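Taking it in order: structure first as structure tokens, then the write-up.
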Amino acid sequence: MDLLELWAIFGPGVAGAVFGAGWWIWLDAVVCSTVTVPFLHYLPGIFASLAALMFNCVRKEDIDYSPYDEGEWRLKLWLFIAYVVSFVSLAGSAGLLIQDSLDKSAPSVWTGVAGVLQCVFVLICGLVYWTSHPE
Amino acid sequence: MFSASILLQILACAIYNNWWPMLSALMYVLVPMPCLFFGGGSTQFLMSRDGGGWIDAAKFLTGASAVGSIAIPIILKHAHMIETGAMLIELVSFFIFICTVLCFHQAGLDDDW
């Protein structure tokens, strides 16, 4: 069988593994942190997971790529909102990383780095799951 | 082989008199659950692409649970709650567990013919 077939078979499993890796990295940062991590730092990971769930709720057959017809604008609006949520979560985690590196009493830099890695892995998991479903 | 995996699990705890690595055994219970719930007790669906949404969700959960088995020893080591040797024994135990699952899967495939 060809590579696309293999990707369709193992893609969802790989997506789950990447998702688990992202959240376990964040758990490692929280456990090893010497100061209490405020709830604000949890939000980028939660929103990234939510965004990955949002754009995988769409069935790819329903997307209309025709430049002539009006198409299903609600579907594209939903995908756009999912993109905005993922972008905001990545930007938020990067902002928290910079803030943590400047402030001495904040959690350590590893917490910020783990937050960014968590968002990246969770969004990659969404993309892996999306691409493993051929049309 | 499964017994060897569990034996290494207990050894990792007993040698260092530290029972935190038993948390990793919880993930061993989680890993086969998607097979039982969505796949009808077989590992056939893992090699198939025609299952649909629920089968994909089962694959996703299997991958996430498997990563947990690797992540727990590493996080415990990073938090200095277990020794490096215990972490390595845990990872070897998980590797043997995976070999057990693959042998079970191969035996299941042979039964289909």
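Quick note: numbers below take in every heavy atom, side chains included, and nothing from hydrogens, waters or symmetry partners. Here is the naming used below: chain letters follow the sequence lines, and residue numbers restart at 1 for every chain. Note that the structure is predicted; figures quoted are calculated from it, not measured.
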Seminar exercise, completed: Filtered by a 4.5 Å non-hydrogen cutoff, the part of residues 90-98 of chain B contacting chain A is none
Are [X] and [Y] side-chain neighbours, meaning at least one heavy-atom pair lies under 4.5 Å?
{"X": "B:K59", "Y": "A:V14", "value": "no"}
{"X": "A:W24", "Y": "B:I70", "value": "no"}
{"X": "B:H78", "Y": "A:W110", "value": "yes"}

Under a 4.5 Å side-chain heavy-atom rule over Ile, Leu, Val, Met, Phe, Trp and Tyr, are [X] and [Y] clustered together?
{"X": "A:V128", "Y": "A:L53", "answer": "no"}
{"X": "A:V31", "Y": "A:I25", "answer": "no"}
{"X": "A:L102", "Y": "A:V116", "answer": "no"}
{"X": "A:W130", "Y": "A:W78", "answer": "yes"}
{"X": "A:F80", "Y": "A:M54", "answer": "no"}

Exercise. Considering residues, nucleotides and ligands other than A:F47, do more than 12 of their heavy atoms fall under 6.0 Å from its CZ?
Worked result: no
Seminar exercise, completed: Interface check, chain B: of A:A17, A:G20, A:C32, A:A21, most non-hydrogen pairs under 4.5 Å belong to A:A17
Seminar exercise, completed: With sequence neighbours left out, the residues meeting side chain to side chain contact (heavy atoms under 4.5 Å, CB included) with A:L90 are A:S93, A:C119, A:V120, A:L123
Problem set entry | Partner of A:D28 by side-chain contact (heavy atoms from CB on, under 4.5 Å), out of B:L76, B:I75, B:I74 | B:I75
Exercise. What is the ring orientation for B:F60 with A:F19, classed by angle as parallel under 30°, tilted 30 to 60°, or perpendicular over 60°?
Worked result: tilted
For this session: Measure distances from B:A66 to the heavy atoms of chain A and classify the residue's part below 4.5 Å as side chain, backbone, both or neither.
Result: neither
